[in-house]
Amino acid sequence: MREEVLNKESPIFWEKELPNALMGAIQDVRKWGDVLEIIMNMTGAKAAIITLRDKYTCQIVNDVELEARYHSPLIRGFSTEAIVHYLTNLRTIDPWAEYQRTSYPYRPTQMSKVCPKDSVPGSRFFDWLDTLGFEDTVVFELDRMAGYWTAINLFLEKSDSRESKRVMNFANEYYDLMRKAWVASQCMSQTRQSNAALLDRAAGSNAATCIVGPNGELLECNEKFRAAVQSGAVRVSGQQRKLSFGKGVRIVGLDRWEQHDLLRHGDEGGEATVTATALDPDPIFAGKREKHWLLTYIPGNTAGSILPKLGGINLNVLTRQEQDLYAKIAAGMSVEEAGRSIRLKRSRSFEVWSSVKDKLGIKTAHQLRA
C-alpha cells in the first residue's frame with residue numbers, strides 16, 4: 001500500500017494532494033492551475049478549464065491574461081492557439097455553453113448525455129474538439145452570482161469509457177468541496193482588493209501607507225510606501241518582513257503596541273512622522289486578538305509638510321496635535337475615530353477639529369479628501 005501511495009502514477013497519491021492544493025488556491029487564485037493538474041491526474045481527464053458563463057457567451061475567466069501573456073492559471077491541457085481560436089471563432093456557437101447558460105448544471109453533468117452532437121445543427125465546434133482529441137466534457141458549477149456563474153469543465157477523449165466514469169465519480173464526490181474552496185478564494189481576493197483600495201485612497205492624499213501585522217511585519221503597501229522603502233528611509237528586514245524606522249521618526253498612535261518594540265535603525269532618512277490606526281483583522285475574534293495597523297509615513301519635520309494644502313494655506317499653522325488629527329481625518333476617518341486614535345476624548349476631538357477648520361478656513365472634512 002505504501003508504494004502505491006508514494007507512486008505519482010496512482011490516483012491515490014493525487015487524492016491526498018488535493019486538500020493541500022485547494023488550501024493553496026484559497027490563498028492565491030493563481031494556484032488553481034495546480035488544482036486542475038491534480039484533478040486531471042486523479043481522473044484521467046485530458047484537459048480542464050474554469051469558465052465564466054454569462055447571459056450570452058462562455059469565456060475563459062482569465063482570458064485577458066491569456067491574450068496578454070499567453071498563459072492562464074485556469075486552463076490546462078489546451079494549447080494557447082486552440083484557446084485563442086475558441087475565443088475568437090467559436091465562443092458564440094458553443095452548444096455546450098448555450099446549454100449550460102440556460103440549464104445551470106449545479107450538479108455534475110456529462111454534456112454528451114444532455115446535449116449530444118447529432119442533435120445540434122452545424123459541426124464547427126465539435127470538429128474543433130475532434131482535432132484536439134476530445135469528445136466529451138463533465139461540468140459542474142462552482143459559483144453563481146447575478147448575471148454570471150463559474151464552472152469547471154473536465155474534457156474526455158471518449159464519452160463511454162472508464163475515464164468518463166472516473167471523472168463523474170470524482171465530480172459527484174468533490175463538487176461541494178471544490179465549490180466551497182472556490183468561493184473562499186474569491187472572498188480572499190476581494191479582501192485583498194479592499195485593502196488595496198484603502199491604500200490607494202490614502203495615496204490619493206499623497207500619503208505613503210501600509211498595513212502591518214501585530215509584530216510590525218509588512219503585509220500590504222502602496223506605491224508611495226514602496227518608494228520610501230527603496231529610498232532607505234524605511235527598511236524591511238528578515239523573512240517576516242519587519243519594518244524598521246529611523247531614530248528621527250516620530251510615532252503617533254502606537255500606544256497600544258507597547259508589547260512589541262518597533263524596530264529602529266540609524267538616523268537615515270531624517271525626521272518624519274508615522275501615524276497609526278488599529279485594524280481588527282478577524283471579526284470572529286473581534287477585540288480578542290492582536291490587531292493589524294494602518295501606518296502612514298510622512299517625511300519631513302512636521303506632518304503638514306506633505307499633507308494636502310488647501311488654497312495655498314501652509315499646514316504648519318497647525319499645532320502638532322492638530323496636524324495629527326488632520327492627517328487622520330484627511331485619510332478618511334471620522335472626527336471621533338481620529339481623536340480616539342491619538343488618545344483624545346470625544347469632546348476634545350471636536351474642539352481640536354474646530355480649531356483646524358478655523359485656521360484653514362474650511363467647513364467640512366470632505367474638502368480635505370477632494
Side-chain angles (χ1 to χ4, degrees), residues 29 32-33 35-36 39-40 43-67 72-161 163-172 174-176 178-179 182-183 186:
V29 294
W32 274 97
V35 174
L36 296 183
I39 293 174
M40 291 164 62
T43 63
K46 297 303 183 291
I49 301 180
I50 296 179
T51 55
L52 178 70
R53 302 285 194 243
D54 60 23
K55 292 180 179 180
Y56 306 103
T57 65
C58 160
Q59 62 189 53
I60 312 307
V61 172
N62 249 34
D63 59 351
V64 173
E65 182 176 348
L66 174 78
E67 293 169 354
S72 170
L74 306 181
I75 303 170
R76 287 295 184 272
F78 284 88
S79 68
T80 300
E81 293 76 11
I83 290 298
V84 171
H85 176 73
Y86 171 82
L87 293 173
T88 305
N89 302 305
L90 303 174
R91 186 192 323 213
T92 58
I93 62 170
D94 178 350
W96 287 347
E98 176 65 20
Y99 180 91
Q100 294 171 30
R101 181 182 70 81
T102 56
S103 302
Y104 295 115
Y106 182 79
R107 296 182 62 88
T109 302
Q110 187 172 347
M111 288 307 302
S112 65
K113 307 295 184 184
V114 295
C115 183
K117 58 178 155 182
D118 56 10
S119 68
V120 177
S123 63
R124 284 178 58 198
F125 172 76
F126 293 112
D127 291 343
W128 170 73
L129 276 182
D130 288 340
T131 63
L132 302 177
F134 302 134
E135 189 175 278
D136 205 349
T137 187
V138 171
V139 60
F140 59 89
E141 180 182 311
L142 290 175
D143 190 21
R144 191 188 310 183
M145 299 181 69
Y148 69 92
W149 58 283
T150 49
I152 282 186
N153 286 259
L154 304 173
F155 289 84
L156 314 173
E157 289 181 330
K158 298 295 181 182
S159 297
D160 297 314
S161 64
E163 173 192 292
S164 65
K165 293 177 182 177
R166 282 170 58 186
V167 172
M168 281 298 293
N169 288 339
F170 165 86
N172 282 311
Y174 287 101
Y175 78 97
D176 196 44
M178 301 284 293
R179 182 178 296 137
W182 176 262
V183 172
Q186 298 302 296

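Given the structure is predicted, the values throughout are model-derived calculations rather than measurements.
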Practice item. Heavy atoms only: give me the nearest W128-A82 pair and the separation to one decimal. Key: CZ2-O, 3.5 Å

Practice item. Using side-chain contact (heavy atoms from CB on, under 4.5 Å) as the criterion, list what pairs up with K158, not counting sequence neighbours. Key: E135, S161

Revision key, fill the gap. Heavy-atom closest pair (F134 atom, G77 atom, distance to 0.1 Å) is CZ-O, 4.1 Å

Check your understanding: Is I39 close to R76 at the side-chain level, that is, under 4.5 Å between some pair of heavy atoms?
Key -> no

Review point. With F140, which residues qualify under ring pair (Phe, Tyr, Trp, His ring centres under 6.0 Å), at least two apart?
Key: none

Point to revise | All side-chain contact (heavy atoms from CB on, under 4.5 Å) counterparts of A151, not counting sequence neighbours | key: T51, V139, W149, N153

Practice item. Decide side chain to side chain contact (heavy atoms under 4.5 Å, CB included) for N172 and R107; before the verdict, give the C-alpha distance in whole Å, the side-chain angles of both, and the deciding distance to 0.1 Å. Key: CA-CA 7 Å; N172 282 311; R107 296 182 62 88; 4.1 Å; yes

Point to revise | By ring pair (Phe, Tyr, Trp, His ring centres under 6.0 Å) - contacts of Y175 (at least two apart) | key: none

Practice item. Starting at NZ of K165, measure out to CG of L156 and round the result to the nearest 0.5 Å. Key: 13.0 Å

Check your understanding: How many angstroms lie between OG1 in T88 and CD1 in I83, if you round to the nearest 0.5 Å?
Key -> 10.5 Å

Check your understanding: Roughly how far, to the nearest 0.5 Å, is the CG atom of L132 from the CG atom of D130?
Key -> 9.0 Å

**Study point:** With D143 via side-chain hydrogen bond (donor to acceptor under 3.5 Å, both in side chains) - residues at least two apart
**Key:** none

Point to revise | I152 side, atom CD1; E141 side, atom CD - distance, nearest 0.5 Å | key: 12.0 Å

Check your understanding: Under the 3.5 angstrom rule, does the side chain of Q110 hit a backbone N or O of S159 as a donor-acceptor pair?
Key -> yes

Check your understanding: Which residues pass the side-chain hydrogen bond (donor to acceptor under 3.5 Å, both in side chains) test with N89, sequence neighbours left out?
Key -> H85

Exercise for review: Using the test side-chain hydrogen bond (donor to acceptor under 3.5 Å, both in side chains), find all partners of Y174 that sit at least two apart in sequence or belong to another chain.
Suggested key: E15

Practice item. Flag the pair D176 and R179 as a salt bridge only when some basic side-chain nitrogen lies within less than 4.0 angstrom of an acidic carboxylate oxygen. Key: yes

Revision key, fill the gap. The reported gap from CZ in F170 to CE in M40 (rounded to nearest 0.5 angstrom) is 12.0 Å

Review point. Atom CZ of F125 and atom CG of L90: how far apart are they, to the nearest 0.5 Å?
Key: 7.5 Å

Practice item. Quick one: sort the F126 and W96 rings into parallel, tilted or perpendicular, breaks at 30° and 60°. Key: perpendicular

Practice item. Go through the structure and list residues passing ring pair (Phe, Tyr, Trp, His ring centres under 6.0 Å) with W182, not counting sequence neighbours. Key: W32

Practice item. Under the salt bridge (Lys or Arg N to Asp or Glu O under 4.0 Å) rule, collect the residues that match up with E163, sequence neighbours excluded. Key: K46

**Study point:** Summary of side chain to side chain donor-acceptor pair (under 3.5 Å) pairs that have at least one residue in residues 112-122, sequence neighbours excluded
**Key:** S112-D136, K113-D160

**Study point:** Qualifying residue, where the test is side-chain contact (heavy atoms from CB on, under 4.5 Å) with I75 and the options are I50, I49, T80
**Key:** I49

Review point. How close do V29 and Q186 get, heavy atom to heavy atom, and via which atoms?
Key: CG1-NE2, 4.2 Å

**Study point:** Sub-6.0 Å ring centroid separation between F78 and Y86
**Key:** no

Review point. Could you walk me through whether T109 and Q100 pass the side chain to side chain contact (heavy atoms under 4.5 Å, CB included) check?
Key: CA-CA 10 Å; T109 302; Q100 294 171 30; over 6 Å; no

